[in-house]
Participant: 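Let me begin by handing over the structure; questions about it come next.
Keep in mind it's a predicted model, so treat the numbers as computed, not measured.
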Amino acid sequence: MTEKEIRLTTLSHGAGCGCKIGPEHLRQVIKFLPPITDPNVLVGINTSDDAGVYRITDDIAAVLTLDFFTPIVDDPYDFGRIAVTNAVSDVYAMGGTPVIGLNVVAFPARDLPLSILEDILRGGADQAAAAGVSVVGGHSIDDPEPKFGFVAMGLVHPDKVITNATARVGDVLFLTKPIGTGVISTAVKRGAATTEQVAESITWMTTLNKSASEVMQKVGINSCTDVTGFSLLGHLREMTCASGVGARVRMDDIPTMGGVRDLLARDMAPGGAYRNLEFLEKCNAIVWPPDATEADKLLLCDPQTSGGLLISVSPDKAEELQRKMVEAGVPALEIGEIVEDSEKQITIL
């Protein structure tokens, strides 16, 4: 079989960030980890933030993150690009600048042409270069299921770290990319996605959050997280819990990729969407409107790969943020607001 005949998405049990261990199971494991006592750890695991932050000097802190997953597209070059874009997004969400990275590779070297791995690494390297990141090494294992990822390290001033734990009541919520990559990737695996849907999802998944991060830092925002495998609502829930607030989200204002609802009607929701929804409903995190359909719920719980930034900004800066995002070519849309709520629930309007 030639490289062109091999569909990477058929070689894995899932796709992209949808392969994440579910939040309920992950929480059970993480709670047994020992507490962090090093005062130089500015951001650890206790708030489920996007990356860890470690103070090196009074003026420099390191932002550290790691992401890897199974193929979300069939083209190996695009797979590499998406994986790196997804990883460095965590650094951007924390207000940092990514500078160096390491490749993480699992590949069936005896069963697939090595040219596929070459293309994956080339795609990752090209995207890292576009982000100004130097790839300085990595690690590989022989694995029957292909996987690729990236360790990203960035730099930030210790006083300018942006976290998911500082949203304030009255803040306006903005989202910088449409959702739907999980649904489309499932359709890709089943041969049901159109060429246009695949192209749109790849375009968004390879769009760096660099410009969005630069704008939000200049304007001055309160809180941020990037939207990935736990879905828009899952990551917003992490923000509300970490910040001790609630949120309201307007369903009709949430941007979605073309044809996603049609794919949901054809039962193309990924398993990760069901896991995310089950977890959020089990912990009573979401208040759904009476007319919410299962498709509505699965869409908002769809696991995203290389999604946009979810930004919480004070209302007096909201107009400036949106204007400067548009000027930078970032389609940031207002989707809701932060509210006072001791239960930290998210109400869907």
Participant: Salt bridge between Arg81 and Asp119, side-chain N to carboxylate O under 4.0 Å?
Facilitator: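 Not counted as a salt bridge, because no side-chain N and carboxylate O are separated by less than 4.0 Å.
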Participant: What's the shortest heavy-atom distance between Phe107 and Pro113, and which atoms?
Facilitator: CZ-O, 3.7 Å
Participant: With clusters defined by side-chain heavy atoms of hydrophobic residues (ILVMFWY) lying less than 4.5 Å apart, directly or transitively, does Ile100 cluster with Val151?
Facilitator: yes
Participant: Does this structure show an ion pair linking Arg323 with Glu327, if we count only N-O contacts that are shorter than 4.0 Å?
Facilitator: yes
Participant: What I want to check is whether the side chains of Thr293 and Asp296 have a donor and an acceptor closer together than 3.5 Å.
Facilitator: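 Checked: Thr293/Asp296 side chains pair up, N/O donor to acceptor below 3.5 Å.
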Participant: A quick test of your reading: do over 12 heavy atoms of other residues, nucleotides or ligands sit less than 6.0 Å from CZ of Arg261?
Facilitator: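 Above 12, so yes.
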Participant: Check this for me: does any side-chain nitrogen of one of Lys324 and Glu320 sit under 4.0 Å from a carboxylate oxygen of the other?
Facilitator: yes
Participant: Can you list the steps and then say if Met216 with Val330 is a side chain to side chain contact (heavy atoms under 4.5 Å, CB included)?
Facilitator: CA-CA 11 Å; Met216 73 179 190; Val330 179; over 6 Å; no
Participant: State whether the side chain of Glu145 and the backbone N or O of Asp143 hold a donor-acceptor pair below 3.5 Å, judged by distance alone.
Facilitator: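 No, Glu145 side chain to Asp143 backbone: no donor-acceptor pair under 3.5 Å.
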Participant: Are the side chains of Ile338 and Leu173 in touch, meaning some heavy atoms are under 4.5 Å apart?
Facilitator: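 Ile338 reaches Leu173 side chain to side chain.
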Participant: If the test is side chain to side chain contact (heavy atoms under 4.5 Å, CB included), which one of Asp67, Val104, Asn103, Thr85 qualifies with Phe150?
Facilitator: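 The single option meeting the side chain to side chain contact (heavy atoms under 4.5 Å, CB included) with Phe150 is Asn103.
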Participant: Mind checking whether Thr181 and Met257 have side chains closer than 4.5 Å, heavy atoms only?
Facilitator: yes
Participant: If you look at every heavy atom in Ala192 and Met268, which pair is closest and at what distance?
Facilitator: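 The pair with the smallest heavy-atom distance is CB-CE, 3.5 Å.
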Participant: State whether a side-chain donor-acceptor pair under 3.5 Å links Asn209 with Ser89.
Facilitator: yes
Participant: Show the nearest heavy-atom pair for residues Ile348 and Pro289, with the distance to one decimal.
Facilitator: O-CD, 3.3 Å
Participant: Please confirm whether the backbone N or O of Ala242 pairs with a side-chain atom of Asn164, one donor and one acceptor, at under 3.5 Å?
Facilitator: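 Pair absent, no side-chain N/O of Asn164 close to backbone of Ala242.
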Participant: Examine the side chains of Asp50 and Thr225 and answer whether a donor and an acceptor come within less than 3.5 Å of each other.
Facilitator: yes
Participant: Does any donor atom in the side chain of Gln217 or Ser213 lie under 3.5 Å from an acceptor atom in the other side chain?
Facilitator: yes
Participant: Mind telling me whether Phe69 and Phe79 have parallel, tilted or perpendicular rings, with 30° and 60° as the class edges?
Facilitator: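 Plane angle between 30° and 60°, so tilted.
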Participant: Run the salt-bridge test on Glu278 and Lys297 with the 4.0 Å N-O cut-off and return the result as yes or no.
Facilitator: no
Participant: Would you confirm whether Gln127, through its side chain, and Thr206, through its main-chain N or O, come within 3.5 Å as a donor-acceptor pair?
Facilitator: yes
Participant: Within the 4.5 Å heavy-atom criterion, are Arg237 and Cys241 side-chain neighbours or not?
Facilitator: yes
Participant: Between Thr9 and Asp74, do the side chains contain an N or O donor and an N or O acceptor separated by less than 3.5 Å?
Facilitator: yes
Participant: Surrounding CD of Glu281 (heavy atoms of other residues, nucleotides or ligands, distance under 6.0 Å), is the total greater than 12?
Facilitator: yes
